[in-house]
Engineer: 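Just passing along the structure, written as structure tokens.
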Amino acid sequence: MMKTSLLRQAAATRVALAVRPAQASFRASSAVLALARSSRPSPALPRPASSLLRFYSAESAAPQTSSDNGSSNLVTRFEDLRRLGVHEHLVNSLTKGLGYETMTDVQSMTISPALAGKDVVAQAKTGTGKTLAFLVPVIQRLIASQPELASPRAGGRARSDDIRAIVLSPTRELAEQIGVEAKKLCRGTGVVIQTAVGGTQKNAMLRKTRIEGCHLLVATPGRLHDLLSDRSTGIDAPNLAALVLDEADRMLDVGFKAELESILDYLPHPVDVPRQTLLYSATIPKNVVNIARKFINPTNFEFVQTVRADEVPTHERVPQFIVPCRGFENLPPTLLELVRRELRKTLDDSDKLPFKAIVFLPTTSSVQAYATIFRRLKFHDRLMPRIFDIHSKLSQAARTRSADNFRQAKSAILFSSDVSARGMDFPNVTHVIQVHLPQDRDLYIHRIGRTGRAGKQGEAYLLTADVEIPAARSRLPGLPIKRCTDLECASMDVARAADVPQVIEDIKNAAVKIPYEVVKDTYASLLGNAIKDVDKQDVVYELNNMVKYIFGLDQPPALSTKFVNHFGRHIKGLRTVTARDIEPRREYGNRGGSYSGHGARSEGFEKLERLAANENGGSRGRARAPRPAF
DNA sequence: AAAAAAT
């Protein structure tokens, strides 16, 4: 039943596409021309001293447009791949083994040019099957170059020092996921897949690879570089025929630049060994196309966008809401209120999928703190689903366990850092909830892309404090975000409310038991995270209120003078550590309800209160005033 | 003391 609606949906989008083929090919060819133009050295841009520049010079022949890719090549069903010469074992694996029938737009538009050996830069919405779109042509071309790979037995001849294709991913879990998909696809062929990521036993991987060999390696950059730079591993790719960058914009940004370049130094030069490069993502910023031109062959590539330039790269079927909260101290109770409300909806309506949510937080410590609070809540609340967490401070074994458990769970909440923001395909996620602002618009888009996948429904919520709202407006332009005002904890004065709702009591009772170290790390990490376009002084106020009213500290956590100086000497309300420093006392314990803010007159908070009183109409006052959001 | 990514 799920499958038919998926197919219907896919068919509908294809029809929509068919009515604008001229437009599509115009866009593609103008993009090609734009690339060709920009491949002249631009005086405005600093010249990167990268070895990548050697790859394709500006003197290359005139670019082809993509208009020669006429309708004769148009494939819309996986069965049609037989016509393009894809080996029957691979087609059978797709159609009979995995049950795929109709292609999505990206698959339909990129598989044939990629099969023809073209480089491809592709942008398509989240959850539309980009992984399959690059795996099919890469694997088919492996088989075409070594026909004996079409049958299972040929695997015995695979070598670990003759890898033919490499897929790079920005996170370990995504690499594992791609590896699993590739292995399913290659069942019934002789193509051997290996996965190489950090946090796993390198020697075990090497032993396995030496025995089984490897045609296609799926890896994260760090481990791949480690393997290639150490000759004794026996891992090499002197005949590399394909390089895929999944989440290409991420892989090409500064965070990965150095590592990627030194990986390329261990791979054959494309002038000596012709190589196909495939770059796929849901978001391709313009500057990435600029960087990408060093990777792709300007005379033989296709730029495929299944998202129109003026279109939002999110799904219409995923409604997006922003919940402006009075202060940071309102965020945890508002999250709990939202979770309970949505949980109740799914319990009352058997037509709805069970509540399965990912909650994104900006730092690893905050993920840890929230997950611990909600685990404690679950102890007293039998409606609360299972709680998982995933972030880079966990061991890889724990990360994998969380990801697998959440993938298999019917109803659950996964608290996550941005490890899971891109590419992860957890089935039937009904809600994506972001707490605090994401660093940028693309990250917001990737995060909400964890729901509404493969034609399914989903909802997206963004919980922010009022002080973050102006930044939210400028960071998230052009998105169909509606304001959600019907959560009562969002606007409540947590400090002074006369009769505090049960939700806030529940949160406080769970939060007060969180170890001080975790509170302190969360506080410091959110301070460190609060850069850019949110006023630092506002953030200090907000965090101080949060540790006071939610975690019950009688003074803000102490920071090193070094950190405080680095953050800004003029910022008020930060407490520095002294020789005789002791852990702040908890203002309230297990009692619940007795805390009303009195007696909290220690240094950090005292300053705040004075400031708040003196600065009438200061930034604090403005931020607290009700203002229209979105 | 701020996602991620090698040990």
Side-chain angles (χ1 to χ4, degrees), chain A residues 168-176 195-203 205-206 218-230 233 235 245-247 249-263 266 358-369 389-396 399 403 415-424 434-440 442-444 446-447 450 516-532 534 536 539-540 543 547 556-568 571 574-577:
Chain A
L168 280 174
S169 142
T171 65
R172 298 167 179 177
E173 285 76 14
L174 182 55
E176 297 283 4
T195 305
V197 300
T200 57
Q201 291 286 330
K202 189 164 80 176
N203 285 330
M205 182 271 170
L206 285 172
V218 186
T220 44
R223 180 52 64 88
L224 178 63
H225 180 256
D226 185 27
L227 294 176
L228 289 173
S229 62
D230 177 0
T233 59
I235 299 283
L245 302 189
D246 195 11
E247 305 297 342
D249 54 327
R250 175 73 186 91
M251 298 305 299
L252 293 172
D253 86 17
V254 282
F256 278 118
K257 188 168 181 277
E259 192 120 57
L260 207 53
E261 286 179 2
S262 63
I263 285 172
Y266 291 102
I358 304 181
V359 177
F360 284 104
L361 285 147
T363 65
T364 57
S365 306
S366 54
V367 172
Q368 215 187 333
D389 59 343
I390 187 164
H391 54 81
S392 67
K393 286 215 176 70
L394 293 177
S395 70
Q396 189 53 40
R399 283 169 60 165
F415 287 89
S416 179
S417 68
D418 286 323
V419 257
S420 323
R422 285 171 170 266
M424 292 308 294
Q434 311 187 46
V435 182
H436 292 288
L437 278 189
Q439 287 293 325
D440 56 58
D442 286 346
L443 188 56
Y444 172 92
H446 284 278
R447 282 167 160 193
R450 298 318 98 208
Y516 172 64
E517 281 305 312
V518 175
V519 180
K520 185 180 164 177
D521 288 351
T522 302
Y523 179 88
S525 75
L526 289 174
L527 267 182
N529 182 255
I531 34 164
K532 291 183 186 170
V534 181
K536 279 183 182 177
V539 173
V540 172
L543 283 170
V547 294
L559 304 159
S560 70
T561 43
K562 192 180 158 199
F563 181 69
V564 171
N565 288 341
H566 170 257
F567 198 75
I571 299 292
L574 291 177
R575 192 167 71 92
T576 47
V577 71

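Every chain is numbered from 1, with letters handed out A, B, ... down the list of sequences.
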Engineer: A:R422 and salt bridge (Lys or Arg N to Asp or Glu O under 4.0 Å): which partner among A:D253, A:D249, A:D246?
Structural biologist: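 Answer to the salt bridge (Lys or Arg N to Asp or Glu O under 4.0 Å) test with A:R422 among A:D253, A:D249, A:D246: A:D249.
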
Engineer: Quick check: any donor-acceptor pair below 3.5 Å linking the side-chain of A:R250 to the base of B:dA3?
Structural biologist: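 It does, because a donor-acceptor pair links the side chain of A:R250 to the base of B:dA3 below 3.5 Å.
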
Engineer: Does A:S560 reach a base, just sugar-phosphate, or nothing at all? Heavy atoms under 4.0 Å.
Structural biologist: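 Base contact - A:S560 has a heavy atom under 4.0 Å of at least one base atom.
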
Engineer: Heavy atoms only, 4.0 Å cut-off, all strands: where does A:R172 land among base, sugar-phosphate and nothing?
Structural biologist: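 Sugar-phosphate contact only - A:R172 comes under 4.0 Å of backbone atoms but never of a base.
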
Engineer: Which residues pass the salt bridge (Lys or Arg N to Asp or Glu O under 4.0 Å) test with A:K202, sequence neighbours left out?
Structural biologist: A:D226

Engineer: For residues 358-367 of chain A, please give each side-chain donor-acceptor pair under 3.5 Å, one per line with the distance, not counting sequence neighbours.
Structural biologist:
residue	atom	partner	partner atom	Å
A:T363	OG1	A:S366	N	3.2
A:T363	OG1	A:S366	OG	2.7
A:T363	OG1	A:S525	OG	2.8
A:T364	OG1	A:K393	NZ	2.6
A:S366	OG	A:T363	N	3.2
A:S366	OG	A:T363	O	2.8

Engineer: Could you state the CD-P distance from A:E173 to B:dA3, rounded to the nearest angstrom?
Structural biologist: 15 Å

Engineer: Checking contacts here: which listed nucleotide (B:dA4, B:dA3, B:dA6) is nearest the side-chain heavy atoms of A:E259?
Structural biologist: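 That would be B:dA6.
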
Engineer: Please work out if A:L559 contacts a base, only the sugar-phosphate, or nothing of the nucleic acid, heavy-atom cut-off 4.0 Å.
Structural biologist: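 Answer is base: heavy atoms of A:L559 come under 4.0 Å of a base.
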
Engineer: Looking at A:S392, does any N or O in its side chain come under 4.0 Å of the phosphate oxygens OP1/OP2 on B:dA5?
Structural biologist: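 Checking A:S392 against B:dA5: no side-chain N or O falls below 4.0 Å of OP1 or OP2.
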
Engineer: Any base atoms under 4.0 Å from A:Y523, or only sugar-phosphate, or nothing? Heavy atoms, all strands.
Structural biologist: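 Nothing, no heavy atom under 4.0 Å.
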
Engineer: Give A:G255 one of three labels, base, sugar-phosphate or nothing, depending on what nucleic acid heavy atoms sit under 4.0 Å from its own.
Structural biologist: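 Base contact.
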
Engineer: Just checking A:R399: base, sugar-phosphate only, or nothing, at a heavy-atom cut-off of under 4.0 Å?
Structural biologist: sugar-phosphate

Engineer: Where the side chain of A:H566 is concerned, which of B:dA3, B:dA1, B:dA2 is the nearest nucleotide?
Structural biologist: B:dA2

Engineer: Would you please confirm or rule out a distance under 4.0 Å between OP1 or OP2 of B:dA1 and any side-chain N or O of A:S365?
Structural biologist: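 So the side chain of A:S365 is outside the cut-off, no N or O lying under 4.0 Å from OP1 or OP2 of B:dA1.
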
